[in-house]
Amino acid sequence: MRVDYEAFRREVMSVIAAIPRGKVVSYGQIAFLIGRPRNSRLVGRVLRTASDGPHMPCHRVVNSAGRLAPHWPGQRQLLEAEGVLFKPNGHVDMKQCGWRFMEIDSDDFFSHA
DNA sequence: ACATTGACCGGTT
DNA sequence: AAACCGGCCAATG
């Protein structure tokens, strides 16, 4: 099944735009969300070619293991600046900061802060 | 048309 | 945790 690259790119961007501050998502999750679960690599390609506008929080995209994008020093600082937690090995703590898009959004809906 | 290359993924050592 | 492996798929040469 062919892919309309432009449409694909727009969908990827719309998902990225919806990532809440302090949360991250993987390429695979994005691919899944836009209905193309086999195209995680293509998601990466879209971002690599992100000559796209500023204001796009593409730093909130990591891989499934929580590893950051190669050749992008500074991504870590951007994430830390918004409160994303890192494990001693330098990976994002997905358990706490992975965006669980299947659940109710407003953070800590079930907590009693 | 064929081979290589990834901002990938999940499972298995 | 990290290294390895097989699968994946569009782009690129």
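The sequence lines fix the lettering, A, B, ..., with proteins before strands; numbering per chain opens at 1. The structure presented is a predicted model; accordingly, all values stated were derived computationally and were not measured.
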A.B. asks: Using heavy atoms to find the nearest nucleotide of DNA chain C for Ser40(A) and Arg45(A) separately, return the residue whose nucleotide is more 5′.
C.D. replies: Ser40(A)

A.B. asks: Whole angstrom is fine here: how far is it from OH in Tyr27(A) over to P in dC8(B)?
C.D. replies: 5 Å

A.B. asks: Between Ile19(A) and Val62(A), is there shared hydrophobic-cluster membership here, with clusters defined by ILVMFWY side-chain heavy atoms closer than 4.5 Å?
C.D. replies: no

A.B. asks: Asn89(A) side chain: which of dC9(B), dA7(B), dA2(C) is closest?
C.D. replies: dA2(C)

A.B. asks: Expressed as a whole number of angstroms, how long is the span from Met56(A):CE to dA7(B):P?
C.D. replies: 19 Å

A.B. asks: With the threshold set at 4.0 Å, does a side-chain nitrogen-carboxylate oxygen contact exist between Arg60(A) and Glu82(A)?
C.D. replies: yes

A.B. asks: If we only count heavy atoms from C-beta on, is the Val24(A) to Leu79(A) side-chain gap below 4.5 Å?
C.D. replies: yes

A.B. asks: In this structure, how many angstroms lie between the P atom of dA2(C) and the CZ atom of Arg67(A), rounded?
C.D. replies: 10 Å

A.B. asks: Contact class for Arg38(A) vs. all strands (heavy atom < 4.0 Å): base, sugar-phosphate, or nothing?
C.D. replies: sugar-phosphate

A.B. asks: Between P on dC9(B) and CG on Leu42(A), what's the gap in Å once rounded to a whole number?
C.D. replies: 13 Å

A.B. asks: Once you round it to whole Å, what is the distance between P of dC9(C) and OH of Tyr5(A)?
C.D. replies: 17 Å

A.B. asks: Specify the separation, in whole Å, of atom CZ of Arg36(A) and atom C1' of dA10(C).
C.D. replies: 10 Å

A.B. asks: Evaluate the side-chain proximity of Glu11(A) to Leu33(A): yes if any heavy-atom separation is below 4.5 Å, no if none is.
C.D. replies: no

A.B. asks: Nearest to the side chain of His91(A), heavy atoms from C-beta on, is which of dA2(C), dC9(B), dA11(C)?
C.D. replies: dA2(C)

A.B. asks: Report yes if at least one side-chain N or O of Arg41(A) is closer than 4.0 Å to OP1 or OP2 of dC8(B); otherwise report no.
C.D. replies: no

A.B. asks: Determine the Euclidean distance between corresponding P atoms of dG7(C) and dA7(B); express it in Å to zero decimal places.
C.D. replies: 22 Å

A.B. asks: Rounding to an integer number of Å, can you tell me how far Asn39(A) CG sits from dC9(C) P?
C.D. replies: 7 Å

A.B. asks: Taking Gln75(A) for its side chain and Ala69(A) for its backbone only, find out whether a donor-acceptor pair lies under 3.5 Å.
C.D. replies: yes

A.B. asks: Whole angstrom is fine here: how far is it from CZ in Phe32(A) over to C1' in dC8(C)?
C.D. replies: 17 Å

A.B. asks: Can you tell me if Ser26(A) touches the phosphate of dC9(B), counting only side-chain N or O atoms and a distance under 4.0 Å to OP1 or OP2?
C.D. replies: yes

